[in-house]
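Notes follow the structure.
Side chains included, hydrogens not; waters and symmetry mates left out as well; all remaining heavy atoms used. Per chain, numbering begins at 1; letters A, B, ... match sequence-line order.
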There are 2 protein chains.
Amino acid sequence: MKIGIFGTGMVGRALADKLTQLGHDVVIGTRDVAATLARTEPDGMGNPPFSVWQNENAAVKLATHAGAAAHGEMLINAANGAGSLAMLQSVEEANLNGKILIDIANPLDFSQGMPPSLFIANNDSLGEQIQRALPDVKVVKTLNTMNAYLMVDPSQLADGDHTIFLSGNETGAKAQVTELLRSFGWQDIIDLGDITTSRGSEMLLPLWARLWGALGTPMFSFKVVR
Amino acid sequence: MKIGIFGTGMVGRALADKLTQLGHDVVIGTRDVAATLARTEPDGMGNPPFSVWQNENAAVKLATHAGAAAHGEMLINAANGAGSLAMLQSVEEANLNGKILIDIANPLDFSQGMPPSLFIANNDSLGEQIQRALPDVKVVKTLNTMNAYLMVDPSQLADGDHTIFLSGNETGAKAQVTELLRSFGWQDIIDLGDITTSRGSEMLLPLWARLWGALGTPMFSFKVVR
């Protein structure tokens, strides 16, 4: 499938790599292609510059966000939470409408330092804000409750026996995303309900951040035992 | 040990029952003893009136909140979240200070119907508010992320192989609470850190509520797989 990914950070890269391995045709979108390729320093998270990564992942093409949107039959928001809404609203709706948008971004607020709080919580969520801003896009919130390594290769932990959550208004869209998640190795996929249930998975992040501190590693995930 | 429990609902009762079985001397506190004993109808959650329950649990004594506080060497807040702070502030501090207070209450806001949102979240928590209001009490937040049956008998699910979280400022208090949790059957106890980490476990409740809806049963719990 043709897939467009918004965001050149570690989440976007991990997904692009995995999707390419699975035979998909991936374009990653960025705001300014020339600026992204010109960077020679690691980013704030210590990831190597995009150009270095792309040398090892030549099958993945880089384009503007508009170009990635135009390319994708399915779209993935792997941009940071704070910039996601403005980024998506900068893309011509004709290249978004009718498509599935997997939203991985979390509304993390780092303005008060670490650990982050949320800049949307409780009675709203980033997933809902994106769905309201783009009513003709099929937003499916998922993959936002574990680190990038586990997102694309859940079998690294407990033979994959941990849980991933799905939220979205369209049953058909969630079925397609479920199929994609299964191709990554996800076995325990819980459909929480409509897009308002994104509140639940996004509000897991403060606990996630504290667990990272308590456990000393981000290589953990949640299993809903039942 | 002498234990005082605030709250006559299903959480307070489940804990009183379990603690009595374990040989502890338990007093449950309520605002108005006569009114609590006079009730003949099930409560809003369908629990039988307290007097019916007490007939089968005669070892548990009922007193005012002040009486339960005076009795307890260790205290447990099993009152509802909305009333917890005012209830605790109504008790003479001399009967609280220096003691461990296990806080199980969640700041659930039912004013907009079901599922509940939180009336404190993100940059504060009920656990922190109670600790700030009672600086000489050793508040330990725990037991607030599963239903009352699992709180006191985790082995009902997956042989007890699921996770319980602890938050609190006092290492010694958390060690004593850990010992109590082990006596209930808890094996996987994660100390998240100081009382500010209550934000994380309280913010798990919106996901918990949606999972109850999606799974059709409250008999589930979270395992932190690592």
Side-chain angles (χ1 to χ4, degrees), chain A residues 107-109 111-112 115-125 145-146 150 154 156-163 165-167 188-226, chain B residues 107-109 111-112 115-125 145-146 150 154 156-163 165-167 188-226:
Chain A
L108 297 175
D109 176 359
S111 66
Q112 307 301 311
S117 60
L118 302 180
F119 63 82
I120 310 165
N122 210 13
N123 292 303
D124 200 2
S125 61
T145 58
M146 68 289 302
L150 293 175
Q156 288 183 76
L157 197 63
D159 291 326
D161 188 23
H162 42 107
T163 304
F165 305 106
L166 272 185
S167 302
D188 186 27
I189 302 166
I190 297 183
D191 180 353
L192 293 171
D194 67 22
I195 194 68
T196 68
T197 64
S198 299
R199 297 173 200 177
S201 64
E202 292 178 8
M203 288 172 81
L204 191 52
L205 268 288
L207 180 61
W208 192 94
R210 297 300 195 148
L211 281 166
W212 186 359
L215 301 174
T217 168
M219 289 301 283
F220 65 87
S221 184
F222 297 95
K223 169 73 183 179
V224 178
V225 179
R226 70 271 197 196
Chain B
L108 297 175
D109 177 359
S111 66
Q112 306 300 312
S117 59
L118 302 180
F119 64 82
I120 309 165
N122 209 15
N123 292 304
D124 200 3
S125 61
T145 58
M146 70 289 302
L150 293 176
Q156 288 184 76
L157 196 65
D159 290 327
D161 188 22
H162 42 107
T163 305
F165 306 106
L166 273 184
S167 302
D188 186 27
I189 302 166
I190 297 182
D191 180 353
L192 293 172
D194 67 22
I195 195 67
T196 68
T197 63
S198 300
R199 297 173 200 177
S201 64
E202 293 179 8
M203 287 172 81
L204 191 52
L205 267 289
L207 180 61
W208 192 94
R210 297 301 194 145
L211 281 167
W212 187 358
L215 300 175
T217 171
M219 289 301 282
F220 65 87
S221 185
F222 297 94
K223 169 74 184 178
V224 177
V225 180
R226 69 271 196 197

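Of the listed residues A/Leu204, A/Asn123, A/Leu211, the one with more heavy-atom pairs under 4.5 angstrom with chain B than any other is A/Leu211. Per-residue heavy-atom pair counts under 4.5 Å with chain A were compared for B/Pro115, B/Ala158, B/Ser221, B/Gly193, and the maximum is reached by B/Ser221. Most heavy-atom pairs under 4.5 Å with chain B, from the set A/Ala121, A/Gly200, A/Ser167: that is A/Gly200.
The side-chain hydrogen bond (donor to acceptor under 3.5 Å, both in side chains) check on B/Asp109 picks up B/Ser111, with sequence neighbours excluded. Residues meeting the side-chain hydrogen bond (donor to acceptor under 3.5 Å, both in side chains) test with A/Ser198, sequence neighbours left out: none.
When heavy atoms are compared at a cutoff of 4.5 Å, A/Leu192 approaches chain B by way of both its backbone and its side chain. Heavy atoms of B/Thr217 lying under 4.5 Å from chain A are absent altogether.
We find the CE-CG distance between B/Met203 and A/Leu205 to be 9.0 Å, quoted to the nearest 0.5 Å.
In this structure a side-chain-to-backbone donor-acceptor pair under 3.5 Å is present from B/Asn122 to A/Leu118.
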Evaluate the side chain to side chain donor-acceptor pair (under 3.5 Å) criterion for residues A/Arg210 and B/Ser201: first the C-alpha distance (whole Å), next the side-chain angles of each, then the deciding distance (0.1 Å), finally the verdict.
-> CA-CA 10 Å; A/Arg210 297 300 195 148; B/Ser201 64; over 6 Å; no
Start with the C-alpha gap between B/Leu207 and A/Thr145, add the side-chain angles, then the distance that decides, and say whether side chain to side chain contact (heavy atoms under 4.5 Å, CB included) holds.
-> CA-CA 12 Å; B/Leu207 180 61; A/Thr145 58; over 6 Å; no
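Listed here is the closest heavy atom pair of A/Leu157 and B/Val225: CD2-O, 3.5 Å. What you find for A/Ile190 and B/Ala214 is that their closest heavy atoms are CG2-CB, 4.4 Å.
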